[in-house]
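Working notes, beginning with the structure itself.
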Amino acid sequence: MLQLSVLRHNPQQVKERLAVKHFKEVDLVDAIIALDDERKKLTFGFDETKAKINTASKEIGALMSKGQKEEAEERKKEVEALKQQLSPIQEQLAVVEKKLNDELIRLPNLPSVKVPVGKTPEDNEVVKTGGSKPQLYAGAVPHWDLAKKYDLIDFELGNKLTGSGFPVYKNKGAKLQRALIQYFLDYNTLAGYTEYMPPLMVNAASAYGTGQLPDKEGQMYFVPVDELYLIPTAEVPVTNIYRDVILKEMDLPIKMTAYTPCFRREAGSYGKDVRGLNRLHQFDKVEVVQLVHPEKSYDILEEMVQHVEGLIQSLGLPYRILRLCGGDMGFTSALTYDFEVYSAAQDKWLEVSSVSNFESYQTARMKIRFKDANGKTQLVHSLNGSSLALPRILACLLENNQTEDGIGLPVALQAYFGSEKITAL
RNA sequence: GGAGAGUUGUCCGAGUGGUUGAAGGAGCACGCCUGGAAAGUGUGUAUAUCUCUAAAGGGUAUCGAGGGUUCGAAUCCCUCACUCUCCGCCA
């Protein structure tokens, strides 16, 4: 969430930044400040009354021990009167505090000044392209046909077992998944990220911490009997590892990586966008997360972008890097770079990674802080990115590398996969 | 799922109604001591919030979470979460 101090110090600037994100209820800023004023007023009254009660109570104790019962009874009556005053204040305070919090979490993160102005994906700024598009042979087909031809993925079987969007990987398809995961994790740990294997379900507090709740409630699978959410990304459990923790400055940066399946309801998706591996309810992803000193977060964002870029380059896929415009970026992000790879047979760009700086938006919710050199506690900044999401990478690898006698694999993967190409059974 | 025990500050650990934000110890920081270090010794060592904001000082809240009893709760009662032990079930 945004910090109240930012709103209070510069409401006008906050509104301007919110407009870049196409956030409509700009008046919310003033409403929140008004609520905070009220909260302060009530808190003052509450504390003052409570202080009187506390003092009187101590005196009662002293009087009792001296045996001055009558005086004590007198004081008790005073306290009783004070408590009468207190309870309405207390009730109002609870209401105001809840309202304040409810409204505050409705504000999205402020976009950084680097965010391009714009509303739709067409307004995203291409900051870099790399690799080259392959020349496909005449009989080239999309990955869903290749998956069938080489018996790598069975979409129909997934429909039978679960439903659409839950493919079954088999044979070399399953092994290639395993190889990709292993390779991605090794690439990340080599760069200093600590590997985690977190739970695949989280409680509401964790989902709230990274911002999935309340904003994306309908996008997560929920298990009502135990009130648990299936994770939509490893970002949720991994970032929450440090929830409510005060770090030492020398602990920073904290670099974490994790492979997990990801579960997304993708309500509202349909049509050719969901064909084959393009959009799934369950998919595999390796994620990187960093918790960093606030002054360094933008440098580290660039570093993470390079890290992911290196991984894509090693796979030999044509790619481009986009800086997302205000209208297309996520609720919690301050600056996001998306990576897209070119899926040759579909002639489409597919998003395979999204690297973002959240500044203190997530850490304010999670209370992830550090003590600086002056002994003051302040919020760290959080960042994360995919490195990488598997299905679309797989789609591109299959489509771009298909030949008449098999599908070639990039050198980086060959040792993990155990052979240079996928051939028909 | 059933029965029992437990959850206190950075850590260990005392505390069953009254100056207890919390004994004692360890750790850590700074100082003294020392040629230097160890030992010894002194001081300090939570978070949030309000007043105020430049700081100091003060108030309030927090002893797993939430509620209740009471003039007063870490201490009593209720609900929930988690941990441990035994039983049951089970990869």
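Below, chain A is the first sequence line, B the second, and so on; all start at residue 1. The figures here come from the full heavy-atom set of this structure, side chains too, leaving out hydrogens, waters and symmetry mates.
- When each of A/Ile53 and A/Arg369 is assigned the nucleotide of RNA chain B bearing its nearest heavy atom, the one mapping closer to the 5' terminus is A/Arg369.
- Nucleotide B/rU53 is matched to nothing when pairs are restricted to Watson-Crick or G-U wobble geometry with both distances under 3.5 angstrom.
- B/rC82 and B/rC30 have their C1' atoms separated by 39 Å, with the value rounded to a whole Å.
- For the residue pair A/Thr189/A/Glu195, the side-chain donor-acceptor check at 3.5 Å is not satisfied.
- Annotation: proximity of residues 242-250 of chain A to RNA chain B (heavy atom, distance under 4.0 Å) is found for A/Ile246, numbered in ascending order.
- As rounded to the nearest Å, B/rA91 and B/rA73 have C1' atoms that lie 46 Å from one another.
- For RNA chain B, the neighbouring residues in residues 76-100 of chain A, judged by any heavy atom under 4.0 Å, are A/Lys76, A/Val79, A/Lys83.
- Think of the region where chain A sits on RNA chain B: with heavy atoms and a 4.0 Å cut, that region ends 5' and 3' at B/rG18 to B/rG72.
- Rounded to a whole angstrom, the distance from the C1' atom of B/rA65 to that of B/rA74 is 15 Å.
- Of the N and O atoms on the side chains of A/Gln313 and A/Tyr319, at least one donor lies less than 3.5 Å from an acceptor on the other residue.
- Using N1 to N3 plus N6-O4 or O6-N4 for Watson-Crick, or N1-O2 and O6-N3 for G-U wobble, each under 3.5 Å, B/rU10 pairs with B/rA26.
- For the residue pair A/Tyr259/A/Gln182, the side-chain donor-acceptor check at 3.5 Å is not satisfied.
- In summary, the side chains of A/Thr332 and A/Asn109 do not present any donor paired with an acceptor at a separation below 3.5 Å, with no hydrogens or angles considered.
- More than 12 non-hydrogen atoms from other residues, nucleotides or ligands lie less than 6.0 angstrom from NZ of A/Lys15.
- Figure legend. B/rG17 is base-paired to no nucleotide; pairs are counted as Watson-Crick or G-U wobble with both atom distances under 3.5 Å.
- Mapping A/Lys367 and A/Lys41 onto RNA chain B by nearest heavy atom places A/Lys367 at the nucleotide closer to the 5' end.
- Taking atom C1' in both B/rC12 and B/rU53, the straight-line distance is 39 Å, to the nearest Å.
- Side chains of A/Asn54 and A/Ser57: no donor on one and acceptor on the other come within 3.5 Å.
- Note on A/Lys41 versus A/Glu38: no salt bridge recorded, every NZ/NE/NH1/NH2 to OD/OE distance being 4.0 Å or above.
- B/rA37 is unpaired under the criterion used here, namely a Watson-Crick or G-U wobble arrangement in which both key atom distances are under 3.5 Å.
- Nucleotides B/rA56 and B/rA61, compared at atom C1', are 22 Å apart to the nearest Å.
- In this structure, B/rU62 and B/rA46 make a Watson-Crick or G-U wobble pair, each of the two defining distances being under 3.5 angstrom.
- Side-chain contact of A/Tyr298 with A/Glu359: a donor-acceptor pair under 3.5 Å is present, judged by distance alone.
- Every side chain to side chain contact (heavy atoms under 4.5 Å, CB included) that A/Thr194 has, sequence neighbours left out, goes to A/Tyr196.
- Comparing the same atom, P, in B/rA37 and in B/rA48 gives a spacing of 35 Å after rounding to whole Å.
- In summary, A/Lys77 and A/Glu80 do not engage in a salt bridge, as defined by a charged side-chain N under 4.0 Å from a carboxylate O.
- When the C1' atom is used for both B/rG67 and B/rU62, the distance is 16 Å, rounded to whole Å.
- Every side chain to side chain contact (heavy atoms under 4.5 Å, CB included) that A/Ser314 has, sequence neighbours left out, goes to A/Tyr183, A/Leu311, A/Ala412.
- For the 3.5 Å distance criterion, the side chains of A/His307 and A/Asn188 qualify, holding a donor opposite an acceptor.
- Judged purely by distance below 3.5 Å, without hydrogens or angles, the side chains of A/Thr210 and A/Glu235 never pair a donor atom with an acceptor atom.
- Against RNA chain B, the stretch residues 44-51 of chain A makes heavy-atom approaches under 4.0 Å through A/Phe44, A/Phe46, A/Asp47, A/Lys50, A/Ala51.
- For the C1' atoms, the distance linking B/rA23 with B/rA14 amounts to 6 Å, nearest Å.
- A/Tyr229 and A/Gln219 form no side-chain donor-acceptor contact under 3.5 Å, judged by distance and modelled atom types alone.
- Applying the Watson-Crick and G-U wobble criteria (two distances, each under 3.5 Å), B/rA91 pairs with nothing in any strand.
- Nucleotide B/rG4 forms a Watson-Crick or G-U wobble pair with B/rC84, both donor-acceptor distances falling under 3.5 Å.
- In A/Lys21, the NZ atom is crowded: over 12 heavy atoms of neighbouring residues, nucleotides or ligands sit closer than 6.0 Å.
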